[in-house]
Amino acid sequence: MIITLPDGKTMNLKAGTTGLDVATQISPSLAKRVLAYALDGQLFDLYWPIPKDGQFKLLTDKDPETLMMLRHDASHLLAQAIIALYPGTKFGVGPAIDEGFYYDMDLSQPISEEDFPRIETKMLELSKQAFPIVRKEISKQDALTLFKDDPYKTEMIQALTGTISIYTQGAFTDLCLGPHFINTSYNQNFKLLTTAGAYWRGDSKNKQLTRIYGTAFFNKKDLDAYVAMLEERKKRDHRKLGKELGLFMISDYGPGFPFWLNKGMILRKTLENFWIDVHRAAGYQLVQTPTMLSKELWETSGHWFNYRDNMYVSEVDEKEYAIKPMNCPGSMLVYKNEFYSYKDLPIRMGELGNVHRHEASGALSGLFRVRNFTQDDAHIYCTPEQLESEVREIVKLFDFFYKKVFHIDYDVYLSTRPENKYIGTLETWAKSEKALGDALTGMGKTFKINPGDGAFYGPKLDFKLKDSVGRTWQCGTVQLDMNNPERFDLTYINEKNEKVRPVMLHRVVYGSLERFIGILIEHYAGAFPTWLAPVQIKILPVNQSFHLDYSYALKKAAAAIGLRAEVDASNEKLGYRIRNAQVEKVPYSVVIGDKERDGQLVTYRPYGSEEQVTISMESFLQKVQKEVTDITHLRIE
RNA sequence: GCCGACGUAGCUCAAUUGGCAGAGCAACUGAAUCGUAAUCAGUAGGUUGUAGGUUCGAUUCCUAUCGUCGGCACCA
């Protein structure tokens, strides 16, 4: 394949061609940054810093790097359009991100999303002019002169050493490492999405810049598919569905304090009861600790000093109390209520613990971020030798819930010791991190590392669930705690009759019931599997007088085996009631007419289907019951 | 908390330049008794989030406040 290099020379490139090959054929300065890029069978060239090993990779539009590069180009294109439309604007940073790109800027005049069409038109116009994107390396001094009017770029340059690369396209020049395509023409399928405020350098002490989010793809089809997915996410929004399906509400009298409505309560209690059954079977004891405890306890746990601003406090009889933001101090008081020998360990102590945290007003969001929620918490006290196997048991439990019950895939992250703020010795940290990692590897699981992201008191594993519309949610977490056993002086007696400290683990599966239900609503788009559906069977008598008795008999028979059925005998046509049952996303709509009444039959129609099946009442009820118990009777093997 | 947008009937949304606050669905009443996604007619429903201000007149303009949404920061 022949490519044209930026200096006008051509070069034949074959699969397997390396950067070194390129370097030997062209001028060394240029060779540092040449790469062939194949798109739809056509070859384009672009700049790319030579990797250390000298190996170049021939990229195609299927490679994620290429899409990121296109989006990075798109952010420059946005900046180029902005500088043309709003001269005097100063620029922060503008990277490509997972689903698109953004650019942070200090705009010379305020803009809103209403200005997007105008900006997009300008971007397209600039794109079509195919401005060459030219890389140049300049000295720090020259860079400071070049960007002297832009305080943000100046600040970034001051932190750099050595030569500095800049990219120019038309009237816009950016401080940038690259890489980029050779000209602006590749960006024809982009869309600006939203504006937002973002602190300069991500620090809330700094000024807030205007961030414009957008996305870009190689073709219109992909862009349209992405926009369609955004629509789908909006349709699945748990706040919208929660209202429509009558699951929960949030009142202005209590921002962040969800109210559970009858149907939401059925869903929630179903999840809780299942959780309790599975945990009891897995050797957990269950406790419930008080919502409010005295200030001294929170001083002992350290919350009073570290977390005070987020706690709800109260004074009673001149004594200060705090509402629990976490369950662990309560759990440890329960542990201390008894005297343990090594033979008693591990103690697995579960609690569906309702906690209150005063989250910042701007952080609240539906059920995803609330101020009052229930953690499906458990604390495990074990010997150091038991640590790894206990972690493995927990991961087994997570697998059971996520994969077997909810069919949701996940990624695991191991968060390691923070750089500066940590307690304990390096040796203990290394051992603990290894135990967590080994437990995963021992189960054939891969994980990514989040360096320095552990809590000050210990490393942790985070489980991020991937929902059906491509978003990820952190739910499960296993945290090793090297702090609290010390603070609360937890002990057990070991084989040598010595008083020693147990290892303590915190873990949650659902994370918070509230958030998990929010995730489930969106994951299932409100159409819950039968075992979770608040109403499982909607019974529709064709005639509201002749068929009522049999309809109620069916409801009674369903209730007798624990199924949730409702009769819709409202004075409406069947089609109307069928529609309502579908809108309510009830798993089974059952029509009862003469045929069914006379033959002790039911004609059912599963949710989302137009299929009609007529079977005996008995086999229908058995079928639905089996569907429910197939899940609710599941236990970890 | 910060930046920006928004707040009208139970729900979804209209209301021209500042000039009588409206529709669909839901609810209620009546008729129709109907076999798989909306039967017809009627009735009722509002201190336009709240509190001030400007104005002859405010859903509309201004200020404050509460809340919601998109982000940011936060999530020990």
Side-chain angles (χ1 to χ4, degrees), chain A residues 92 102 104 106-107 110-114 193-213 230 234 237 239-240 243-244 246 249-256 298 301-311 325-326 328 357-366 368-371 373 418 421 453-457 460 462 474 477 479 481 483 506 511-512 515 538 540-547 569-584 589-596 603-614:
Chain A
Y102 66 79
D104 284 350
D106 191 351
L107 281 150
I111 64 156
S112 75
E113 285 166 32
E114 284 162 27
L193 299 170
T194 81
T195 63
Y199 295 107
W200 168 237
R201 308 213 129 192
D203 188 333
S204 58
K205 289 190 211 62
N206 290 340
K207 178 174 174 159
Q208 258 190 346
L209 307 179
T210 303
R211 174 172 296 181
I212 297 181
Y213 280 96
L230 291 182
K234 222 182 266 175
D237 191 316
R239 292 167 298 201
K240 178 174 171 285
K243 191 186 274 185
E244 287 171 6
M249 58 174 255
I250 297 175
S251 157
D252 283 1
Y253 286 106
W298 304 107
S301 69
H303 288 93
W304 198 260
F305 302 102
N306 294 319
Y307 202 65
R308 174 74 181 73
D309 288 348
N310 281 326
M311 287 165 73
M326 294 186 98
C328 13
R357 300 181 184 178
H358 184 80
E359 301 289 356
S361 58
L364 302 178
S365 173
F368 286 161
R369 196 76 182 273
V370 290
R371 287 174 170 160
F373 56 100
K421 206 184 153 197
D453 207 36
F456 74 92
Y457 53 76
K460 59 175 181 173
D462 287 328
Q474 196 200 305
T477 160
Q479 301 194 3
D481 191 332
N483 182 39
H506 310 247
S512 98
R515 197 148 81 99
K538 187 72 104 173
L540 310 171
V542 173
N543 178 292
Q544 286 88 336
S545 36
F546 311 145
H547 307 132
S570 62
N571 200 9
E572 298 287 351
K573 290 172 79 170
L574 182 61
Y576 178 89
R577 287 176 289 150
I578 284 281
R579 179 176 188 277
N580 279 351
Q582 294 293 311
V583 168
E584 285 171 42
S589 302
V590 172
V591 172
I592 300 300
D594 286 346
K595 181 177 73 181
E596 288 77 12
T603 300
Y604 72 85
R605 164 181 172 153
Y607 171 75
S609 153
E610 284 173 29
E611 177 198 10
Q612 292 173 38
V613 185
T614 303

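Reckoned from all heavy atoms, side chains included, excluding hydrogens, waters and symmetry mates. We name chains A, B, ... by the order of the sequence lines, and we start the count at 1 in each one.
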Review point. If you check the A:Ala196 side chain, which of B:rG71, B:rU36, B:rC34 turns out closest?
Key: B:rG71
Practice item. Using only heavy-atom distances, decide whether a donor-acceptor pair under 3.5 angstrom links the side-chain of A:Glu359 to the base of B:rC75. Key: no
Practice item. Name the closest nucleotide to the A:Ile578 side chain, picking from B:rG1, B:rG70, B:rA37. Key: B:rA37
Check your understanding: Are any non-hydrogen side-chain atoms of A:Pro325 and A:His358 less than 4.5 angstrom apart?
Key -> no
Check your understanding: Between A:His303 and A:Ser589, which is nearer to the 5' end of RNA chain B once each is assigned its nearest nucleotide?
Key -> A:Ser589
Check your understanding: Is there a donor-acceptor contact under 3.5 Å linking the side chains of A:His303 and A:Asn310?
Key -> no
Check your understanding: Which atom names give the shortest non-hydrogen contact between A:Gln544 and A:Asn571, and what distance separates them?
Key -> NE2-CA, 3.9 Å
Point to revise | Closest listed nucleotide, where the reference is the side chain of A:Gln208 and the choices are B:rA38, B:rG35, B:rC2 | key: B:rC2
Practice item. Return the value, rounded to whole Å, for the distance between atom NZ of A:Lys460 and atom C1' of B:rA76. Key: 10 Å
Revision key, fill the gap. Looking only at B:rA76, B:rG35, B:rA37, the nucleotide nearest the A:Thr603 side chain is B:rG35
Review point. Using a cut-off of 4.0 Å on non-hydrogen atoms, how would the nucleic acid contact of A:Lys243 be classed: base, sugar-phosphate, or nothing?
Key: sugar-phosphate
Study note, to complete from the structure: Heavy-atom nearest nucleotide on RNA chain B taken for A:Tyr213 and for A:Cys328; more 5' hit belongs to A:Tyr213
**Study point:** Nearest-nucleotide pick for A:Val591, side chain only, options being B:rG35, B:rU39, B:rC72
**Key:** B:rG35
Review point. Across the strands shown, which category fits A:Glu610 at heavy-atom distances under 4.0 angstrom: base, sugar-phosphate, nothing?
Key: nothing
Practice item. Starting at atom OH of A:Tyr199, determine the distance to atom P of B:rG4, rounded to an integer number of angstrom. Key: 11 Å
Exercise for review: Decide yes or no, distance alone: a donor-acceptor N/O pair under 3.5 angstrom between the base of B:rA37 and the side-chain of A:Arg605.
Suggested key: yes
Exercise for review: Could you give the distance separating B:rG42 and B:rA15 at their C1' atoms, to the nearest angstrom?
Suggested key: 25 Å
Practice item. Say whether A:Tyr199 and A:Arg201, considering side chains only, have a donor N or O and an acceptor N or O under 3.5 Å apart. Key: no
Exercise for review: Give a yes-or-no answer on whether the side chains of A:Gln612 and A:Tyr604 include a donor-acceptor pair shorter than 3.5 Å.
Suggested key: no
Study note, to complete from the structure: Checking B:rC72, B:rA76, B:rA27 against the side chain of A:Tyr576 (C-beta onward), the nearest is B:rA27
Review point. How far does the P atom of B:rU50 sit from the matching atom of B:rG30, given to the nearest Å?
Key: 35 Å
Check your understanding: If the P atom of B:rC3 is compared with that of B:rG18, how far apart are they to the nearest Å?
Key -> 28 Å
